[in-house]
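Whatever order the structure lists them in is the order used to number ligands and atoms, beginning at 1. Both backbone and side-chain heavy atoms feed into the values below; hydrogens, waters and symmetry mates do not.
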Amino acid sequence: MEVYLDNAATTKVSKPVYEAMKPYFKSSFGNPSSLHNKGIPMRKTINTSKKKIASLLHCAPTELYFTSCGTEATNWALKGLALSPSIKGEIITTRIEHHATTHTVEFLEKLGYIIHYVDVDNDGFIDLFQLEELINNNTLVVSIIYANNEIGTVQNIEKISEICRAHSTYLHVDAVQAITHIPLNLTELQVDLMSISGHKFHAPKGIGLLYIKEGTHIENLIHGGQQENERRAGTENVPYIVGITKAFEEGMKVVEDYNDRLNQFANEILDALKNEEIDFLLNGPKIGENRLPGNLNISFEEIDGSDIIFYLNKAGIYVSSGSACNSEMIEPSHVLKEINVPKDYINGSIRVSIGQFTTHIEITYFIKTLINIIKKLK
Ligand SMILES: Cc1ncc(COP(=O)(O)O)c(C=O)c1O
C-alpha cells in the first residue's frame with residue numbers, strides 16, 4: 001500500500017484537471033498571440049480562465065497575472081515594489097516565512113532595504129502589537145505567510161490588513177498553502193498582492209498567479225513580449241492555465257467539506273498517539289479554525305525525524321521531516337526553531353500533510369505503522 005501524506009510539498013494532478021488540460025497539448029496548441037484560428041481561441045481560453053478564477057476569488061480578472069510558480073509570484077511582488085519609484089525603504093516580515101520570501105527580502109537587504117522581523121508566539125501567530133509599533137511612514141510593504149507550510153498557522157490577515165491600511169502600507173500575502181484549503185475572498189480580505197501556486201491544489205507544477213490589486217504599482221521583472229497586459233513577458237502556458245483554472249473550480253467546491261474531513265483525520269491520528277501513551281508535541285496551533293486543515297507537525301522526544309521518515313518510507317508512507325538539508329548537515333527547520341520547539345524534541349519532528357484524496361483506510365494504516373515505528377525507535 002502507498003500512502004501519500006506530503007500534500008503540503010506538492011499534490012498529484014487530479015483527473016478532472018488532467019482531462020481539462022489534455023486537448024491543449026494536442027489539437028489546441030496555438031500561440032495565444034497568433035492572429036489566426038489556432039491562436040485566437042487560445043487568447044479566449046486565457047481570458048475565460050481569468051474570469052473564472054476572478055469570480056472564485058472575488059476580484060477583477062485584470063488583477064490576476066499568471067506566473068511560473070509561487071516563488072516567482074513572491075519575487076515579483078516584493079522586488080517589483082522595491083524597484084518601483086516609491087521612496088519607502090523598510091520591509092516588515094516574519095522569520096517563519098517560506099524561503100521564497102525570506103531569501104527575497106535578504107536580497108533586498110543587500111540593496112539597502114531595512115528588514116524588520118515581527119515576532120511570532122509559540123504557535124506561530126504574529127505579534128500584532130509589535131507590527132503596529134514597527135510599521136511607520138517609511139514601510140514599503142508588510143509580507144506575511146497566510147497559512148504556514150510547516151506548522152499550519154493561519155494568520156489573522158483581516159487584522160493585519162487593517163493595520164497596513166491605517167498606515168498606507170502595501171500588504172503582500174503568501175497564500176500558496178491557503179488556496180482552496182481555507183475559504184478566501186479578496187473583496188473582504190483587502191490585500192494588495194497575493195502569491196498563489198497551482199501544484200499545492202492539484203494543478204501541475206510550473207504554474208502560479210500573482211494577484212495585484214488595482215492601483216498597486218509594481219515594476220515588471222520579466223521583460224520581453226506583450227503578454228499578460230504587458231506585465232509579465234513570455235508565451236503563456238495555456239495547458240497549465242487551463243489546469244490551474246480547473247483545479248480552482250474543483251478545489252473551491254469542496255473547501256468546507258475539506259476542512260471538516262481533514263481535521264477529523266488529524267484528530268484521529270493525535271488521539272491514537274495519546275491512547276498509546278506516546279509522548280509527542282503538536283507544533284503550531286490546535287486543530288481547528290486557525291490551523292491549516294490536514295497539517296500535522298509532530299515532534300517526538302529523543303528520536304531522529306529522519307529515522308521515522310526512513311521507516312515510514314519503507315512501509316510505503318510518504319511524509320516530510322521538520323528539517324532542512326544544507327550541504328554539510330541536517331538542520332532543524334527555521335520555523336520550528338523560531339517557535340521554540342524544545343531541543344529534545346526538535347530533531348524528532350515530522351510533517352504530515354493530509355490531502356483532498358486521502359482516505360480513511362490510508363489514515364488507519366498510517367496510524368498503525370507510525371505507532372509501531374515510534375515504539376521500536378524509543
Ligand atoms: C508557503 C509557500 N510559499 C511559497 C512556496 C513556493 O511555491 P512554488 O513551489 O510554486 O514556487 C511554497 C512551496 O512549498 C510554500 O509552501
**Prompt:** Of all residues at least two apart in sequence or in a different chain, which pass the side-chain contact (heavy atoms from CB on, under 4.5 Å) check with Phe107?
**Reply:** Lys79, Leu111
**Parallel, tilted or perpendicular: rings of Tyr65 and Trp76 (30°, 60°)** = perpendicular
**Asked** How close do His58 and Thr187 get, heavy atom to heavy atom, and via which atoms?
**Response** O-OG1, 2.8 Å
**Message:** Please output the residues near ligand 1 using a strict heavy-atom distance under 4.0 Å, listed in chain and residue-number order.
**Reply:** Cys69, Gly70, Thr71, His98, Ile145, Asn149, Asp174, Val176, Gln177, Ser197, His199, Lys200
**Item:** Residue list, side chain to side chain donor-acceptor pair (under 3.5 Å) with Asp271, at least two apart or on another chain
**Value:** none
**Item:** Aromatic centroids of His181 and Tyr258 separated by under 6.0 Å
**Value:** yes
**Item:** Listed once per pair and sorted, the side-chain hydrogen bond (donor to acceptor under 3.5 Å, both in side chains) pairs that draw on residues 14-36, sequence neighbours left out
**Value:** Glu19-Lys22
